[in-house]
Amino acid sequence: MEMSRSERSFLSVEAADGSACESPYTPNNPMLSNKSISNSSTKDSKKSEPANIQLQIINEHQEFNKELGTYMTDVWKLSESGFNYCMVAVFGSQSTGKSTLLNALFETQFDTMDDNYRQQTTKGLWASTAKNSNILVMDVEGVDGRERGEDQDFERKSALFSLAVSQVLLVNIWESQVGLYNGANIGLLKTVFEVNLQLFQQKNKTKTLLFFVIRDHIGKVPLSRLSETVKQDLQKAWSELSKPKDMESCDINDYFDFMFFGLPHKVLLPDQFTAKTLELRQLFYNPNHDDYVFRTQYHKKIPADGFPAYASNIWEQIVTNKDLDLPTQQQLLAQFRCDEISAKLFKQLQDDFTCREEVEAGVVVKNLGTMFRSLKTTAMEAFDIGAGRYNLEVYKKKRNELLFKIHDYLKLFYKSQIDSILQQVFTNFSQAVESGLKEPDYNFTVLTMKLEKDAKDSFTAFAQDLTLEDASWTYSKEQGQLAHDLAEFSRAKRQAELTKRENLLTEDVKDHLEDNIPPILASAETNMWDEVTREFLDCTNVASNKMKDHATTLGLDEDETNVHISNIRVKVWEALVRRLKDETADVLFLAKLRRRLEELFRYDADGLPRVWKPEDDIDYFFKQAKAEATELIPLYSKMRIEESKLNLATFFNGNTLDFDARRSLTLVSLSKRADIEARFKREADALFLEAKRSIVATTAKVPYWVMVLIFVLGWNEILYVLTSPLTLVFVVLGGASFYAVYVTNLIGPISRVIELVSRELLVLAQKAMEEAKNSGTEPRSSRDRTSRRERRSRSRKESDAWDERAETIVESSKDSSSSTSPRRSSQRKTSSAGEVSKRIRPQHKSRTQYVESMPGAADLS
Ligand SMILES: Nc1nc2c(ncn2[C@@H]2O[C@H](COP(=O)(O)OP(=O)(O)OP(=O)(O)O)[C@@H](O)[C@H]2O)c(=O)[nH]1
């Protein structure tokens, strides 16, 4: 069976010469998989013209072709036209030359009937663009066809669709049909009008032009008569319509305009037909023509890029037989298109925002605010162009939505950037403060105030530039946060500065006290504590005054300053107490007592060392000296601060430290005092014994007469020595040695050593004799015990004897040397005694040596 032209055209896209033509359709399209696009363009010239390509937008099965959008954009290039396009559709009985008329008028390539096979050609609705024009032409399946029979469903729907989307509806009728009810399709039009009334219920109704083309117009009956007849028929049909209540009074002319044009017989009068067609063309192509048909008032106000969606929606409404509310449809379309445009622009904005990663990484991006503005303006301007043609209300609403969405999206980066700026400004500020504090003669308050202001200004400038004017973005919270952080940093820095300066002042005072307190204590005068008090007050006054100077540069108020001054007083006081406790530690305390005792006992009123004689009352001197030295114990043990000079109860008021001045007055506890007293007594007793022994040594000297007697009795021996060269040499050598010993003051020590060695030998001999005597009579255990006791006793004695001997040796050697200062003499004595003692008996250290080897003891003595 041979295919009809329409069926043939569904299967392939072909050019007029039969060659395949490129089609945007995909084989997956269900509507096009078994149908295709007709392309009946003529050879060569029309091969690449968009007008050559037509699309079946609704097929005979009432399915809408979703490729309409692609065709509008890619094939017909109408999508960017906005409102600058026109829609015309044709309405009329089947095979009345509709396609022929459209092809003649618009140079389209709609299929026309093959006269050999007189049957329906156009099935469904087809669209194509007029040649060299932005007129979109729709060829509609004819009504009253034998193929559909009584089924008028599709022709009603297609007529309704044509009316809803077209500015101009061409009604194609033969002259012979005028006056016929069915032949002129008045009945169908009546039905369509009736259904269409719902299209025009809204106030903003849009008129449609019904352009009647009277075919085979012979001219016998003038066109005016024919048009009158048609109008009357339509008026009658309109009046018979069952209208909605509120529209009963409305007239057909409120919704339709009418035009009429007669065309001669195409077959019998082809030249006239062509001439008339060209005349008719002018009404469609020439906007300046008086009867130009595409007037603004007929435009459905659907932008070209929204037409596919609009047409699709309208058809869906018609097919599902729902109320067809054109304004609502326009709103729906506007919503759809605005959303589509908005989504596309938003995606574009996201793609164009190239520094997203940098911002997310916390980098402060220069000119980010300008970038925000540029992105937003580009998107909004594009939206205004694309969506501004649609329903104004919807457009405004969608514009706001897009604006809000863009703001919302950019706000994330805005917040992140604000945080980064905040951090950067704070870091810069802290670094500037640190380096400012390293400058000489800085004023802390001036420095921090200036830097704080700079930081705040910098942040505000950054944030202002970043903030979009019409966005509800604020940075006041971050601004407040920054101000708080800056103030907190300055406060902490100021506190650190205060502490540093407080410590420096305290260190200065400590150094001062180190130098000045020991001499005052060493004097052990009765007004010693007054001196200490004065020294302390001097120090605190100096430190307080310096603190006041610091307080000015650090911006402290009076109360804060007073607290810090009070704290400094406490710290100075504590430093003083520490120094005093050091001075009254066991070793130094004892040294002080011993020195006082020695000063009084060993030296006379002129400071010369005493050489005790038998007639001297050593006991008396010793008692006096010891009593006076002992008086120092209570003096050093507790500070005696006169309230009139320093009121401890009020002087430290306002300090923030845990401090009790009164508790610190006691330097040495009672138990320690007793211990020191006992130890001092032992040392004093040793000194006393030493003095006593020195008298014995003096009185044990050989009398002069004995020496004369020896000289007389030994005269012969003297002569012998002088006459014998050998003995003379020995004598001379011995004399020289003696002289050397005498000159070097070693007579005393050597004689003492000899004496000690002989004594020791004597002791050893006695011990050996006792042991020999007792070995035969005493039981072993008793003998052992006795022996152990004796050994311990002897050991103690030996120990004391070694100390005494060592000291005596040194003393005698030093005594013989010249000495101008009793203190220096004493110092030499003690140190030499220590050395000699160590030399003689290195393993054993006497208490005296131990005390004198303690740090500071030498200085004090
Ligand atoms: N009498 C007459 N016949 C015409 C005229 N124009 C075209 N025809 C003939 O009418 C027949 C149908 O032409 P088409 O253009 O296919 O008609 P149609 O209305 O598009 O047909 P369908 O699409 O099937 O509804 C053809 O045989 C044409 O030669 C005309 O002006 N007068």
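Whatever order the structure lists ligands and atoms in, that order sets their numbers, starting from 1. The figures that follow rest on heavy atoms only: side chains count, while hydrogens, waters and symmetry mates do not. Computed from a predicted model, the values in this text were never measured in an experiment.
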Begin with the C-alpha distance, continue with both residues' side-chain angles, and end with the deciding distance and a verdict on salt bridge (charged side-chain N to carboxylate O under 4.0 Å, His left out) for Lys276 and Glu279.
CA-CA 5 Å; Lys276 266 292 190 185; Glu279 195 184 313; 3.6 Å; yes
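Considering backbone and side-chain N/O atoms, Asp111 never comes within less than 3.5 Å of an N/O atom of ligand 1. For ligand 1, the polar-atom distance check against Gln94 finds no nitrogen or oxygen pair separated by under 3.5 Å.
No side-chain heavy atom of Tyr85 sits under 4.5 Å from any side-chain heavy atom of Thr129.
Every atom of ligand 1 with a heavy atom of Thr96 under 4.0 Å away is listed here by number and element: 17 (O), 18 (P), 19 (O).
In this structure, Phe211 has its ring center closer than 6.0 angstrom to the ring center of Phe284.
When non-hydrogen atoms are compared, ligand 1 lies under 4.0 Å from the side chain of Arg215 (C-beta onward) but not from its backbone. Contacts with ligand 1 closer than 4.0 Å are made by side-chain heavy atoms of Asp216 only, the backbone lying farther away.
For the pair Lys98 and Phe110, the cation-pi test (distance below 6.0 Å, angle within 45°) is failed.
The heavy atom nearest to atom 21 (O) of ligand 1, considering only Pro264, Pro270, Ser95, Gly97, is found in Ser95.
Checked against Phe258 for a side-chain contact (heavy atoms from CB on, under 4.5 Å), the options Leu209, Asn253, Val230 give a single hit: Asn253.
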